[in-house]
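Shown next, in structure tokens, is the structure this report addresses.
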There are 2 protein chains.
Amino acid sequence: MSLRHALLGLLAQGPASGYDLTRAFDGGIGQYAWQAGHSRIYPELGKMAEAGLVVVDETGPRGRKSYALTDEGRTELRRWMLHWPERTAVRDETVLRMFLVQSLEPDDARRLLEGIAEHCAAELAKLRPVMDEVDAEHDPREPVPFGRLAGEYGLRQYEAVHGWALWSLERMGATVPG
Amino acid sequence: MSLRHALLGLLAQGPASGYDLTRAFDGGIGQYAWQAGHSRIYPELGKMAEAGLVVVDETGPRGRKSYALTDEGRTELRRWMLHWPERTAVRDETVLRMFLVQSLEPDDARRLLEGIAEHCAAELAKLRPVMDEVDAEHDPREPVPFGRLAGEYGLRQYEAVHGWALWSLERMGATVPG
DNA sequence: CCGCGACCTGTCAACCTGGACATGTCCACG
DNA sequence: CGTGGACATGTCCAGGTTGACAGGTCGCGG
């Protein structure tokens with residue numbers, strides 16, 4: 001039941017409506033960590049409110065309901081963050097493809113790896129300037145801006161995959177030169 | 001429906017029974033890429049056989065049924081591997097935690113990051129010798145052993161996360177020295 | 001002042017998933 | 001020869017998840 005904890009974590013930044021949270025899942029967190037659509041977010045917020053983890057902070061126009069963490073919610077988030085189970089849930093289609101690269105014919109595998117390397121290079125070219133800008137605007141005496149650590153994670157992830165794809169190509173090239 | 005493609009990919013290595021495939025998911029693929037228990041694997045194999053993607057290759061003792069890929073199955077696997085959708089399914093509890101590190105108090109965050117760094121270092125210490133041994137035993141003129149690319153992926157993944165955790169600690173340390 | 005696009009909340013049915021339950025066989029070792 | 005542990009296959013159900021359906025509001029540009 002990690003959706004609940006994702007929502008708690010997002011609300012730890014500050015109060016937000018179901019709509020805001022839905023859009024947050026369109027961004028980095030939904031791309032790399034956990035996906036959720038509004039149809040699950042609204043009911044879950046309701047259940048969390050029932051459980052006392054969040055409260056409706058304020059209501060706005062168009063029936064907007066802003067939710068805020070309660071102390072109980074913050075405690076639960078902390079408990080979950082610090083308590084790591086032995087085995088965590090993973091389901092990543094991209095990584096699955098990487099595991100199965102070797103089930104392809106060498107030519108197909110090479111083409112696939114080349115595509116991966118290109119894709120990573122393109123993402124890095126997009127992400128690096130954004131992070132550099134965040135760093136440039138940020139006063140080092142202030143706390144690290146929310147999301148900067150996650151951004152760095154994405155950056156390093158792409159770098160790792162990029163390096164891996166190039167390494168794999170080299171390694172396969174030795175087998176079937178051409 | 002990636003379970004189907006995970007099974008196709010595993011069967012591309014050679015025929016296997018539901019039991020064999022279940023154990024494969026206990027290993028690297030289940031840890032990093034996609035999880036599945038036998039309760040989903042057996043019915044899925046049945047459906048795949050119905051769809052003509054696999055056939056029962058041979059039967060063994062204890063009702064063992066060994067499945068093998070058909071040409072149709074191999075084609076479907078290739079189609080899936082080479083066709084990347086815009087957005088792929090991701091659901092990774094560990095990455096979620098990394099995204100939410102900054103929702104913790106700085107002290108908790110530091111402790112968590114230290115734990116992550118240690119864990120990665122420990123996994124690397126386990127994985128590196130295994131990969132080195134694979135390389136030592138492997139004739140470079142032969143094709144890359146199945147799983148070697150995936151192992152390298154895991155290695156680089158841990159290296160990346162390790163580096164990220166250290167970077168994050170440094171970055172947070174600048175904020176609250178201690 | 002009108003309409004369109006973004007905002008905002010919700011439900012429902014179909015499907016997927018994980019863990020418990022169920023059943024039985026082979027084989028190596030004592 | 002008996003027994004424990006690995007081998008092997010399956011079902012079932014509660015709960016999670018997705019995508020479609022549904023309904024309504026605000027605010028701005030024409």
Side-chain angles (χ1 to χ4, degrees), chain A residues 1-8 10-11 15-27 29-31 33-51 54-68 80 85-93 96, chain B residues 1-7 10-11 15-27 29-31 33-51 54-68 85-93 96:
Chain A
M1 228 216 280
S2 294
L3 171 59
R4 170 163 298 196
H5 298 105
L7 293 173
L8 287 172
L10 290 171
L11 288 174
S17 68
Y19 191 78
D20 296 335
L21 293 166
T22 302
R23 278 182 315 174
F25 278 100
D26 290 338
I29 205 170
Q31 218 168 114
W34 207 269
Q35 289 173 313
H38 79 276
S39 60
R40 273 179 302 146
I41 291 170
Y42 288 114
E44 189 62 29
L45 284 171
K47 276 194 217 167
M48 288 161 72
E50 238 177 85
V54 296
V55 281
V56 176
D57 179 48
E58 61 176 49
T59 55
R62 279 170 284 211
R64 177 189 173 93
K65 280 187 277 184
S66 177
Y67 289 88
W80 180 79
E86 273 307 294
R87 179 147 193 159
T88 58
V90 179
R91 182 152 295 148
D92 190 321
E93 220 179 90
L96 177 58
Chain B
M1 230 213 279
S2 294
L3 170 59
R4 170 163 299 195
H5 297 105
L7 293 173
L10 289 170
L11 288 174
S17 69
Y19 190 80
D20 295 336
L21 293 166
T22 303
R23 278 183 315 175
F25 279 99
D26 290 338
I29 204 169
Q31 218 170 115
W34 208 268
Q35 288 174 312
H38 78 276
S39 59
R40 275 178 304 144
I41 291 169
Y42 288 115
E44 188 63 30
L45 283 171
K47 277 192 217 168
M48 286 162 72
E50 236 177 87
V54 297
V55 281
V56 176
D57 179 48
E58 62 177 46
T59 55
R62 278 169 287 210
R64 177 189 173 93
K65 281 185 277 183
S66 177
Y67 290 88
E86 272 309 292
R87 181 153 192 154
T88 58
V90 179
R91 182 153 294 148
D92 190 321
E93 221 179 89
L96 179 57

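First the proteins, then the strands, lettered A, B, ... as listed; each starts at 1.
Ser2(A) and Glu93(B) form a side-chain donor-acceptor contact under 3.5 Å, judged by distance and modelled atom types alone.
The separation between Asp20(A) atom CG and dC7(C) atom C1' is 10 Å, rounded to whole Å. If you take CZ of Arg23(A) and C1' of dG5(C), they are 14 Å apart, rounded to a whole angstrom. Computed from coordinates, the Phe25(B) CZ to dT17(C) P distance equals 11 Å when rounded to whole Å. Note: CG (Leu45(B)) to C1' (dA8(D)) measures 13 Å, nearest angstrom. Rounded to a whole Å, the NZ atom of Lys65(B) is 9 Å from the C1' atom of dG10(D). What separates CG of Asp26(B) from P of dG18(C) is a distance of 13 Å, to the nearest Å. Summarising the geometry, the separation between CD on Glu44(A) and P on dG15(D) is reported as 14 Å, rounded to the nearest angstrom. Rounded to whole angstrom, the span from the NE2 atom of His38(A) across to the P atom of dC7(C) amounts to 14 Å.
When each of dA20(C), dT9(C), dT18(D) is scored by its nearest atom to the side-chain atoms of Ser39(B), the top-ranked nucleotide is dA20(C). Comparing dA8(D), dT11(D), dG16(D) by their closest approach to the side chain of Lys47(A) singles out dG16(D). Of the listed nucleotides (dC8(C), dT17(D), dA6(D)), dT17(D) has the atom at the smallest distance from the side chain of Trp34(A).
Residue contacts for Gly37(A): at a heavy-atom cut-off of 4.0 Å it reaches no nucleic acid atom on any strand shown. Arg4(A) comes within 4.0 angstrom of nothing in the nucleic acid, heavy atoms only. The residue Ser17(A) sits close only to the backbone: its heavy atoms come under 4.0 Å of sugar-phosphate atoms, none of a base. Across all strands, Arg64(B) comes closer than 4.0 Å only to sugar-phosphate atoms, never to a base (heavy-atom distances).
Looking only at side-chain heavy atoms (C-beta outward), Lys65(B) and Glu58(B) stay at 4.5 Å or farther from each other. Inter-residue side-chain proximity for Asp20(B) and Tyr67(B) is flagged as unmet; no heavy-atom pair is nearer than 4.5 Å. In this structure, Asp92(A) and Arg91(B) have side chains that are not in contact, with every pair of non-hydrogen atoms separated by 4.5 Å or more. Residues Tyr42(A) and Leu21(A) form no side-chain contact, since every pair of their non-hydrogen atoms from C-beta on lies 4.5 Å or further apart.
Under 4.0 angstrom from either OP1 or OP2 of dT18(D) there lies at least one side-chain N or O belonging to Arg91(B). At the phosphate of dG10(C), neither OP1 nor OP2 sits under 4.0 Å from any side-chain N or O atom of Tyr42(A). Neither OP1 nor OP2 of dT11(D) sits under 4.0 Å from any side-chain N or O of Arg40(B).
Nearest-nucleotide assignment on DNA chain D puts the 5′-proximal partner with Arg62(B), out of Arg62(B) and Gly63(A).
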